[in-house]
Structures are given as C-alpha cells and as structure tokens.
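Report on the structure given below.
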Amino acid sequence: MAEIVINGLTKRYPNGFEAVKDLTLDIGEGELLVLVGPSGCGKTTALRMIAGLEEISDGDLYIGGQRMNDVLEKDRDIAMVFQNYALYPHMTVAQNIAFSLKIARRPRAEIKRRVHETAQLLAIEEMLDRRPKQLSGGQRQRVAMGRAIIRQPQVFLMDEPLSNLDAKLRVQMRGEIDALQKRLAVTTVYVTHDQVEAMTMGDRVAVLRDGKLQQVDTPFQIYERPANLFVASFIGSPPMNLAEAAIKQTKDGLTVSLGEAEIAIPHELAARNSLDAWVGKSVIAGIRPEDIYEVTRKTAKLQAAMQVKIDRVEALGASLLGYFSVDAAAPRAESVSAIPAEEVLSEAPLTGTSGTSFCAIFEPRAMLKIGDTTEVALDLSRLHFFDPETDASLLAEDEPEKKKKPEAKKK
Ligand SMILES: Nc1ncnc2c1ncn2[C@@H]1O[C@H](COP(=O)(O)OP(=O)(O)OP(=O)(O)O)[C@@H](O)[C@H]1O
Ligand SMILES: [Mg+2]
C-alpha cells in the first residue's frame, strides 16, 4: 500500500506533442482514483508514466514516498491490468495466475497456496485447469485481475479493463472490482472513458481533457459542483442542459432570462454564484434533465415555469425523456464535451433552428407526445452558472473543507 504523489507530470512525445500537461494529483493510500476523459485526452499516457512504461518528460512521481522517475518498471512494485488482458493462451488459468510468482522464483508450495487464495477471491477455482479460450469474457477478465492481485503490489493500475465486455457483464464486473479493491485496499488508478463507470467506482474522480486536469473530487461533488462547462457536459447522462442567459436586476432581486422565461433567482443561489457582478451580462446557465419537472399539482408551487413544445420523446421504461427547444444560444461547441456516438440516444440536435435543445426526465407515465405543449418548471436551487469567456463555474468554493490545491476554475 502506498500513496501516489504526482507533481507537474508532463509527457512530450518525440514528435513534440504534449499528451499530458502539468498533471498534479495526490492519490491516497488505499484510494481508488478514476481517471476519466474522452478518447485521446492522455489517460493511457498518464498511467504508463506511473507504471514506468513511458518516460516522464517533466515533473515528479512519488510512490510510497520514493521518487520513481528513474526507477525501472519492474522495480516499482506495480501491477497493471489492460483492456486486452493478454493471457497466455497455451497456459492454464492456474499457470497464468502463477506466472509472476514463478518468474520471481517463489517456492512451489507458496505459489500453489496463493493461486488458490486468489482464485477463491475471484470465484474461478473450478476453472484453474482450463485454458483462456475455454473461458467467457468475464472469466478471462477475472483471470487477468488474478494475475495482478497475486503479486500483492503496492499499486494497481487499470486501463479500461472492462471495455471488451458486454454492457451487462461490465456492470457486474465493475461492482466486483470495486468490492475487491476495497477489500484489498491497494492504491488504485483506474482509467475509463465511461463517465458512469467513473462515477460508480471512484472514491474520487479526476477529469482529464486534452492532457489537462479539469477537476478532481468525489463523484458527488463533480456532479453537483462541476468546475467548468466541460465537466458539466461530460459527467451526467443525458448531459446538463446549457444555454446562454442574461442576468438582470429587478426590484425583487436578480432574474435570469432563459429564452422567453424570466426566472427569479433565489437570493442564496445568487450569492453563492456572486451573480451581482453579472447584472446586465450574459452567463451560461445550466440545469440537469432531472431538475426539470412537468407542472402537475405536485410541482405547481415552483415558480419558474415555462411553456414548451415537445420535439421528441424517448420512453426508457423507468423514465421518459422529453426534448424541447429553448430560444437561447448554446455555448460554444469547443467549451462542451461532444457526446460520444454510442451514448447519443436521440437525433435531437444540440442547437435547433429556433434555439437550444433541452432534455427533461419526466415521469414514466407522463402522457407526452411529439407536438404537445406542456408547462415545465425548473428546480431553481439546482441552476448552475458559468462564465461564457473562461467556461469556469461561477460557484464560490466551500471554504471550510477545501484543501490546499487551487482548482482550475480559479484561473
Ligand atoms: N507515441 C506517441 N507519439 C505521439 N503522440 C502520441 C503517442 N502515443 C499517443 N499519442 C497521442 O497522445 C494523446 C493521448 O493518447 P492516450 O493514448 O494517452 O489517450 P487516451 O486518453 O488513453 O485515449 P483512449 O480513451 O482512446 O484510450 C493522443 O492524442 C495520442 O494520439
Ligand atoms: Mg487509452
């Protein structure tokens, strides 16, 4: 077990491309930190630098207090699990799991004992004599985990270990890996581009974009207080609705005009976002799909209601997604995360002809159809505001618990 301290880590490839830029992160002893971001943002590069498979161009790496920059991969006491778990096809499961101990010339009796303990932990005892091709994808993944666990390393590094599995198995395995990591309490860095995986597994989540760290925090804080437009649009599915909005001063306080709606902002929310400074200016306002309600008797008390015309509906069983257009400009495309093709549920364009497409999660039995006009209300306490120039959240930090590191949004 060991703490990982990453200080200004940078990777410049020989062609001059900077894949990781000045990455600073502390990963606590026994913590599971998830590194998440879109394809090509530098996740694998960062992990390979920690593993010692890639030279560090700049910055320092410490594991368990020891500077590791110039320590060889084999001397870092790290086990890595890759996406293509590369089992040896001609070896049995037991031999695959035992491999590293054999190389390390451990006594036979010890190898046998540890293979059995590991197999037991992973519920693959009955498969020890099989070869990899006689296993299912999930079972192979467990063998790959077994090879890493048996070494009892001080650090686990996992690079999209579940991406070869089908959706259902992925959900099961992520639960298993999570439970296993908690039980072994080995410091772990887990890389994924899947934001759901990141949110469900991580003690903390670090969001990377173009080699730069955007935010690192607990899944809850990342969701509730995204530091900028990129994190706001990357984490959450369907993503947060975002549109340009004007802040105005009225005699009763501040309002935000979102399309045709003029919404009074609760005083406390205005204060937390220092909106006084934005009177007469445009901000980017955000609201998550689950914070928009159809106005019924239950919700009628919320004041910020607007009339919308439903462009598209998607019945998902447990909920119903309704799309409608808000007459306001969308944020610049480069500020937000493009939704990966596999996650696009709808053809609804981000920017419609008459404004920006918003999504709301309605009750599953809301009888909405395309073309219906309905009244929706926003949960005002859950509005987000961002600076349209810098993309940073306007939310002031919680002073008491926030620690040392200045966050990206201060810049
Ligand atoms: N040897 C190399 N030389 C130059 N550029 C490279 C090299 N290896 C990777 N890159 C670039 O560095 C960037 C980061 O690559 P990396 O593999 O770390 O991304 P990733 O976040 O793991 O992406 P994915 O989710 O697709 O696995 C990419 O733009 C990639 O093209
Ligand atoms: Mg990768």
Side-chain angles (χ1 to χ4, degrees), residues 4 6-25 27 32-61 68-69 73 76 78-86 137 140-141 144-145 148 155-167 170 173-174 177 188-202 204-216 219 222 227-228 230-231 233-237 239 333-334 336-344 408:
I4 304 174
I6 295 170
N7 213 335
L9 212 62
T10 297
K11 178 66 194 182
R12 222 170 289 104
Y13 279 115
N15 65 356
F17 182 77
E18 276 196 1
V20 175
K21 299 164 184 156
D22 198 16
L23 177 67
T24 294
L25 262 180
I27 304 154
L32 173 62
L33 180 106
V34 176
L35 200 54
V36 69
S39 183
C41 72
K43 304 179 295 294
T44 296
T45 304
L47 211 62
R48 287 174 58 86
M49 282 194 283
I50 300 173
L53 297 168
E54 202 70 71
E55 207 182 307
I56 294 170
S57 312
D58 264 317
D60 296 300
L61 168 71
M68 288 287 172
N69 289 50
E73 180 218 347
R76 290 192 189 186
I78 279 174
M80 197 153 166
V81 183
F82 298 93
Q83 172 180 351
N84 54 346
Y85 18 84
R140 277 181 221 170
Q141 189 56 54
M145 290 294 295
V155 170
F156 284 137
L157 301 177
M158 305 191 192
D159 193 354
E160 313 231 16
L162 305 183
S163 53
N164 279 340
L165 305 180
D166 66 48
R170 215 154 59 205
M173 285 297 297
R174 83 180 178 224
I177 291 180
T188 301
V189 184
Y190 185 103
V191 161
T192 180
H193 65 270
D194 179 342
Q195 51 102 9
V196 179
E197 216 164 276
M199 296 297 279
T200 50
M201 292 182 73
R204 282 187 310 153
V205 175
V207 183
L208 210 59
R209 180 197 199 186
D210 296 338
K212 278 199 217 113
L213 183 65
Q214 305 291 302
Q215 185 172 11
V216 53
I222 294 253
N228 59 36
F230 177 80
V231 177
S233 55
F234 185 71
I235 301 287
S237 177
E334 65 267 27
V336 294
S337 148
I339 307 158
E342 59 197 285
E343 284 181 27
V344 177

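For ligands, and for the atoms within them, numbers begin at 1 and follow the listed sequence. FYI, the numbering just counts along the sequence from 1. Nothing here was measured: the structure is a model prediction, and the numbers come from that model. Note: hydrogens, waters and symmetry copies are ignored here, and every other heavy atom, side chains too, is used.
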Problem set entry | Option set Lys43, Arg48, Met49, Arg12, criterion heavy-atom distance to atom 25 (O) of ligand 1, minimum | Lys43
For this session: Let me see the working for Val196 and Arg174 under side chain to side chain contact (heavy atoms under 4.5 Å, CB included), right down to the final yes or no.
Result: CA-CA 10 Å; Val196 179; Arg174 83 180 178 224; 3.8 Å; yes
Exercise. How does Val191 reach ligand 1, by side chain, by backbone, by both or by neither, if only non-hydrogen atoms under 4.0 Å count?
Worked result: neither
What protein heavy atom lies closest to [atom]? Include the residue and the distance to one decimal.
| atom | answer |
| --- | --- |
| atom 3 (N) of ligand 1 | Tyr13 CG, 3.3 Å |
| atom 26 (O) of ligand 1 | Ser39 OG, 2.5 Å |
| atom 11 (C) of ligand 1 | Phe17 CE2, 3.8 Å |
| atom 28 (C) of ligand 1 | Gly40 O, 3.6 Å |
| atom 17 (O) of ligand 1 | Thr44 CB, 3.7 Å |

Exercise. Atom CG in Leu35, atom SG in Cys41: separation rounded to 0.5 Å?
Worked result: 7.0 Å
Problem set entry | Separation between NE2 of His193 and OG1 of Thr44, rounded to the nearest 0.5 Å | 11.0 Å
Exercise. Checking side chain to side chain contact (heavy atoms under 4.5 Å, CB included) for the pair Asn7/Thr24: CA distance, chi angles, key distance, verdict?
Worked result: CA-CA 5 Å; Asn7 213 335; Thr24 294; 3.9 Å; yes
Could you list which atoms of ligand 1 come closer than 4.0 Å to a heavy atom of [X]?
| X | value |
| --- | --- |
| Cys41 | 19 (O), 21 (O) |
| Asn15 | 4 (C) |
| Glu160 | 25 (O) |
| Thr45 | 14 (C), 15 (O), 16 (P), 18 (O) |

For this session: State yes or no: are the ring centers of Phe234 and Phe230 separated by less than 6.0 Å?
Result: yes
Exercise. Would a 4.5 Å heavy-atom cut-off, applied to side chains only, mark Glu197 and Glu160 as touching?
Worked result: no
Exercise. Is there a side-chain contact between Arg76 and Leu61, using heavy atoms and a 4.5 Å cut-off?
Worked result: yes
For this session: Might you check, step by step, whether the distance between atom 14 (C) of ligand 1 and some protein heavy atom is under 4.0 Å?
Result: yes
Exercise. Does Gly42 reach ligand 1, in the sense of a heavy atom lying below 4.0 Å from it?
Worked result: yes
Exercise. Does Lys11 come within less than 4.0 Å of ligand 1, judged by its heavy atoms?
Worked result: no
Exercise. Got a salt bridge between Arg48 and Asp159, using NZ or NE/NH1/NH2 to carboxylate O under 4.0 Å?
Worked result: no
Problem set entry | CA sep, side-chain torsions, deciding dist, call: Val81, Met145, side chain to side chain contact (heavy atoms under 4.5 Å, CB included) | CA-CA 7 Å; Val81 183; Met145 290 294 295; 4.2 Å; yes
Exercise. Short check: any N/O/S atom of Thr44 below 2.8 Å from the Mg ion (ligand 2)?
Worked result: yes
Exercise. What is the minimum heavy-atom distance between Ile4 and Val189, and which atoms define it?
Worked result: CD1-CG2, 4.0 Å
For this session: Evaluate side chain to side chain contact (heavy atoms under 4.5 Å, CB included) for Leu33 paired with Val216, printing each intermediate quantity in order.
Result: CA-CA 9 Å; Leu33 180 106; Val216 53; 4.0 Å; yes
Problem set entry | Pro14 N/O under 3.5 Å from ligand 1 N/O | no
For this session: Compute the shortest N/O to N/O distance between Ala19 and ligand 1 and return yes if it is under 3.5 Å, no if not.
Result: no
